[in-house]
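Everything on this sheet refers to the single structure shown next.
Numbers restart at 1 for each chain; the letters A, B, ... are given by sequence-line order, proteins then strands. All values below come from the heavy atoms of this structure, side chains included, with hydrogens, waters and symmetry mates left out.
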2 protein chains.
Amino acid sequence: MQKSPATLKAIAEQLRVSVSTVSRALNDHPRISEKTKSRVKELAEKLHYVPNPAALLLKKNKTYTIGVLLPFLKEEFFSLAISAIEDTLMPEDYHVLISQSRDSLEREKKMIESFIASRVDGLIASVSAETNHYGHFKALEEYGIPVVFFDRVPRNIKCHKVRNSVTQGAKEAMRFLVNKGVTKIGLINGPGNLEVSGERLNGYLEAAMEFGIDARQHYIKSGNLTREETEQCMMELLALEDRPQAVLTFNDYVALYAMSACRKAGVEPNKDILFVSFANLPITSFLENPPIASVEQFASKMGAQAANLLLKCLQNQESELDYQEIIIKTELIIH
Amino acid sequence: MQKSPATLKAIAEQLRVSVSTVSRALNDHPRISEKTKSRVKELAEKLHYVPNPAALLLKKNKTYTIGVLLPFLKEEFFSLAISAIEDTLMPEDYHVLISQSRDSLEREKKMIESFIASRVDGLIASVSAETNHYGHFKALEEYGIPVVFFDRVPRNIKCHKVRNSVTQGAKEAMRFLVNKGVTKIGLINGPGNLEVSGERLNGYLEAAMEFGIDARQHYIKSGNLTREETEQCMMELLALEDRPQAVLTFNDYVALYAMSACRKAGVEPNKDILFVSFANLPITSFLENPPIASVEQFASKMGAQAANLLLKCLQNQESELDYQEIIIKTELIIH
DNA sequence: TGATGATGTGCAAAAGATTGCACAACAAGG
DNA sequence: CCTTGTTGTGCAATCTTTTGCACATCATCA
C-alpha cells in the first residue's frame, strides 16, 4: 500500500537500462543519446522522481538546507526577514531550517549544535541579546559552513554582515525631534554586547553633540529587550525630575512596552511624552497613537540580502575569506 | 584546514577496531565489552561525533525532521504554536522545517512537494484560506507520512485534528454580548471552506436562536482574512441602516483590520461599536482600546498537542488508521 | 580431550546517487 | 582487414551506518 518514493533503480528496471544511464540522462550527460534521455525524463516525471537527499548528502556533501537562527519568530521584524529569506532561497532549491534562540545564549549554542548535526550548508543568524562571545559560531566555520549575520551582528568580529546604517538612523531620529523643539531626549537601548546597541548610542551621542543638546547620563537606559526590564527603564525615566520630553527606543516592541508602562503611570504616550522607535513594523499601524516616527529598517530587504550573500558564499568557496559587509540605509518614517 | 565531521570510520581507525564495533558500542549492544564501549564513547564525545543524517536516512528511512505548514509566520497565533511544537519535538531529537502557505493553495501544494522531496517524517499543518480540497495532503499519506492538522483543519475529511471548541466559544462570546444588552451583532467570518469558519457561524446562529435575537443575513459577512476584504466587510456593516452594535470577528487580526476601518469611517471602535474576537493574542494588549473580549484559543497548547499526537503516530504506525480528534476548550477572556 | 556455550569482534551487504574507467558497437580511413 | 575514433552504456567503487552471520577465543563440563 505504502508507496515509497521512486529511485533511479526503479526507473532503470522499468526501462531496462542501468542505473548509471538513468543518472546521466537526468543530468544531461553528453554521452547519453537524446532518445534515452527523453525516455528517462518522461518516466522520471511520471513517477515524481526526486533524488533521495541522503544519497546527495553522501555524494556531494550538501543537504541543500540553510539554517536560520534568530531571537524570536513572533517579532514581526524577524518573520518578515524570514519570508524574504525563503523567497530568495527556495528558487535555488534550498530548504530553510528555522530556530529561535529566544534571546538565550544557551539555546543559541544548542541550536548551532543541532544545525551541525543536520549538516546545514550555511547559516543566517541574528544573535541573541545575551550573546557576548562567538566561539559557537566559529565552530561552524571550522566545518566549512558559511555564516551570514544580519541585523544583530557580532561586535569586533570579522564575519559576513548585513546591517543597517543604524548610527545614521539614530541621528536622523534625533534631528527630527530637535527640529520639533524637543531637547530632553531619553534613550532606551538594547544590551551593550550587541553592535546595534552601540550604534544607536553613537548616533544618539553624535546627534546630541551636533545639535547642542546635553545627553545626560541618566537619560540613557539600556535593557535586555524584555517587557519587564523595558518597563523598569521607562519607570526610571518617568521618575526623573527633569523627565525627558521624548524617548528613542531600541525597536518597536520596546516602544510598545515603554508606552504601556507610561499608561500605567498615567502618562499619555505620544502626547505627554513622544516616542520614536526603530523598525517601523506593520504592527504599529494598528495603534491609535503609534510612535510619532520610526526608523525603517527594511526587514525584508535585509533578509533577502543576507540570503543572497550566503548563496554567493556557497557558490564560490574562495570568497569565504574576504568578509563582506552590506549596509542597508535606514529611512525615518513620520507617522 | 576544513574539518569534516567525525565518522564511525575515523573513530574505528584511531581505536584500531572495526567500524561495526564502534557502531555497536555507541548503541549499547550487549555483545560489546564495557571496556570497549567506554573507550569508544569517550573518543566519540571528544570528536563531537554525530551520526551522519544521510546514512541514517538510508538505513532507517527516517530524517528526524518534521514539517510544519501554516499560513503566516507573522501571525502571533502561529508563531506561538510553532514555539510549542519546537519545544515538544526537540527533546525527541526532531528537527522542525517550517513553511508558509501565505494563504495560497498553490504555495501550499508546492511546499508539500518540497516536504516530500526532503523526506520529512511527518507534517503538522494548518490549511490556507484558499484550500478547498485535500488531495495534496493525501499524497503525503500515500508515502506513509502522517499528517496532523491543527486549528484550521479540513472539513468533512477523516484525519488527525487538533482544534478548538469554536462553536462553544462563539456562543459564549454571544452570550457575553447579549448579557450586556446588545442584540444587534455582526459577524466577520473567515472563508467558508474552513471548518473553523463553519463552527463560528454555527455558534453565532445557535446563540441567536437560543437568546432570541435575530441573526439577519446581512449581519453575516465572510472574507478571506486579508486586510482589504476585511475592511470591505466592515464598511458594509457600517453602511447598514440598522448598523450592528457589536461585531464578532474571525480572529484578532481581522478585528484589528475592522477596527482600523471603523476609525477611518469616524466610528470609534469599542465605544461606538463593540468588538469581540478570537485568539486573544498578546499583541492586543498594546492597544489602548482592544476588543472588549476575546475567545482564547490557547495557541501554545494546540501546538504542543499537535506535536504530541504526531509523535504518537510516528511511534506506532498501527494507530495511523484510527484518526484522532483532540478538542481544546476555548475560554472567553474579558478585557 | 573434545564438545558445548558464552563472549567479543569483524566481514560484508544494504540503502541511493554519482562518476572514472572499461567495453562494446559501429563508421571511417589507410 | 586492421586501426582509430566516436558514441552509448555498464561496472564498480564511494559516501556512512546498521546488522545478520561467521569466526575466534576462552571457560566449563562430561
Side-chain angles (χ1 to χ4, degrees), chain A residues 2-41 43-44 47-65 93 116-121 143-144, chain B residues 2-41 43-44 47-65 93 116-121 143-144:
Chain A
Q2 191 171 302
K3 275 199 303 196
S4 54
T7 63
L8 288 189
K9 202 168 131 195
I11 297 177
E13 277 167 9
Q14 279 201 42
L15 257 38
R16 302 181 176 285
V17 292
S18 77
V19 171
S20 25
T21 301
V22 177
S23 170
R24 281 192 262 251
L26 291 174
N27 291 302
D28 267 327
H29 191 283
R31 284 306 235 342
I32 301 291
S33 68
E34 283 309 321
K35 211 166 79 183
T36 309
K37 277 186 193 171
S38 62
R39 284 207 311 148
V40 168
K41 285 181 183 173
L43 184 58
L47 298 179
H48 301 112
Y49 170 77
V50 199
N52 186 316
L56 291 185
L57 172 52
L58 282 176
K59 291 301 292 184
K60 309 205 160 180
N61 232 18
K62 274 199 85 167
T63 52
Y64 292 92
T65 300
D93 287 323
I116 292 178
S118 55
R119 309 291 202 266
V120 294
D121 293 338
Y143 285 119
Chain B
Q2 191 170 303
K3 274 200 303 196
S4 54
T7 64
L8 289 187
K9 200 168 134 196
I11 298 177
E13 277 167 10
Q14 278 200 44
L15 257 37
R16 303 182 174 283
V17 292
S18 78
V19 171
S20 24
T21 301
V22 176
S23 169
R24 281 192 261 251
L26 291 174
N27 291 302
D28 267 329
H29 191 284
R31 284 305 230 352
I32 300 291
S33 68
E34 282 309 320
K35 211 165 81 183
T36 309
K37 277 187 192 171
S38 62
R39 284 206 312 148
V40 168
K41 286 181 181 173
L43 185 58
L47 299 179
H48 302 111
Y49 170 77
V50 199
N52 186 317
L56 291 185
L57 172 52
L58 280 177
K59 292 301 293 183
K60 309 207 163 182
N61 232 19
K62 275 199 84 165
T63 52
Y64 291 93
T65 301
D93 287 322
I116 292 177
S118 55
R119 308 290 202 269
V120 294
D121 294 338
Y143 287 118

message: Looking at B:Lys62, I'd like to know if its NZ atom is crowded, meaning that more than 12 non-hydrogen atoms belonging to other residues, nucleotides or ligands lie closer than 6.0 Å.
response: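 Yes, the 6.0 Å shell around NZ holds more than 12 heavy atoms from other groups.
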- request: Looking only at non-hydrogen atoms, find the nearest pair between A:Leu56 and A:Pro51 and report the distance.
  value: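 Heavy atoms only, the tightest pair is CD1-CB, 3.9 Å.
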- prompt: How far apart are the closest heavy atoms of A:Asp93 and A:Tyr64, and which atoms are they?
  reply: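 Minimum heavy-atom separation between A:Asp93 and A:Tyr64: O-CB, 3.6 Å.
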List in numerical order all residues of [range] for which some heavy atom is under 4.0 Å away from an atom belonging to DNA chain C.
{"range": "residues 51-61 of chain B", "result": "B:Leu58, B:Lys59"}
{"range": "residues 7-19 of chain B", "result": "B:Val17, B:Ser18"}
{"range": "residues 33-41 of chain B", "result": "B:Ser33, B:Thr36"}

message: How would you summarise protein contacts on nucleotides 20-27 of chain C per nucleotide, using B for base, S for sugar-phosphate only and - for none, with heavy-atom distances below 4.0 Å?
response: B-------
Inter-end axis angle, the helix from C:dT1-D:dA30 to C:dG30-D:dC1, with every axis fitted to five base pairs (rounded, 10 degrees):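 The end axes of the helix from C:dT1-D:dA30 to C:dG30-D:dC1 are about 80° apart, to the nearest 10°.
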All salt bridge (charged side-chain N to carboxylate O under 4.0 Å, His left out) counterparts of B:Lys41, not counting sequence neighbours: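 B:Lys41: salt bridge (charged side-chain N to carboxylate O under 4.0 Å, His left out) contacts with B:Asp28.
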message: Measure CG/B:Asp28 against P/D:dT18 and give the value in whole Å, please.
response: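 The answer, rounded to whole Å, is 13 Å.
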message: Does B:Leu43 form a side-chain contact (heavy atoms from CB on, under 4.5 Å) with B:Tyr49? I'd like the steps, not just the answer.
response: CA-CA 8 Å; B:Leu43 185 58; B:Tyr49 170 77; over 6 Å; no
So [Y] and [X], do their side chains get closer than 4.5 Å, heavy atoms only?
{"X": "B:Ile32", "Y": "B:Val40", "value": "no"}
{"X": "A:Leu57", "Y": "B:Pro53", "value": "yes"}
{"X": "B:Val50", "Y": "A:Arg119", "value": "yes"}
{"X": "B:Leu47", "Y": "B:Gln14", "value": "yes"}
{"X": "B:Val17", "Y": "B:Arg39", "value": "yes"}

Reference residue A:Thr21; test side chain to side chain contact (heavy atoms under 4.5 Å, CB included); the match among A:Thr36, A:Ile11, A:Leu26: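 Only match with A:Thr21 under side chain to side chain contact (heavy atoms under 4.5 Å, CB included): A:Thr36.
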- prompt: Quick check: does any side chain N or O of A:Asn52 sit under 3.5 Å from a backbone N or O of A:Ala54, one acting as donor and the other as acceptor?
  reply: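 The answer is yes, because a donor-acceptor pair under 3.5 Å joins these two groups.
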- request: Using a cut-off of strictly less than 4.0 Å, decide whether A:Tyr49 has a side-chain nitrogen or oxygen near OP1 or OP2 of C:dG16.
  value: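 No, because none of the side-chain N or O atoms of A:Tyr49 sits under 4.0 Å from OP1 or OP2 of C:dG16.
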query: Taking for each residue the nucleotide of DNA chain D with the nearest heavy atom, is it A:Ile32 or B:Val50 whose nucleotide lies nearer the 5' end?
result: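 In this pair, the answer is A:Ile32.
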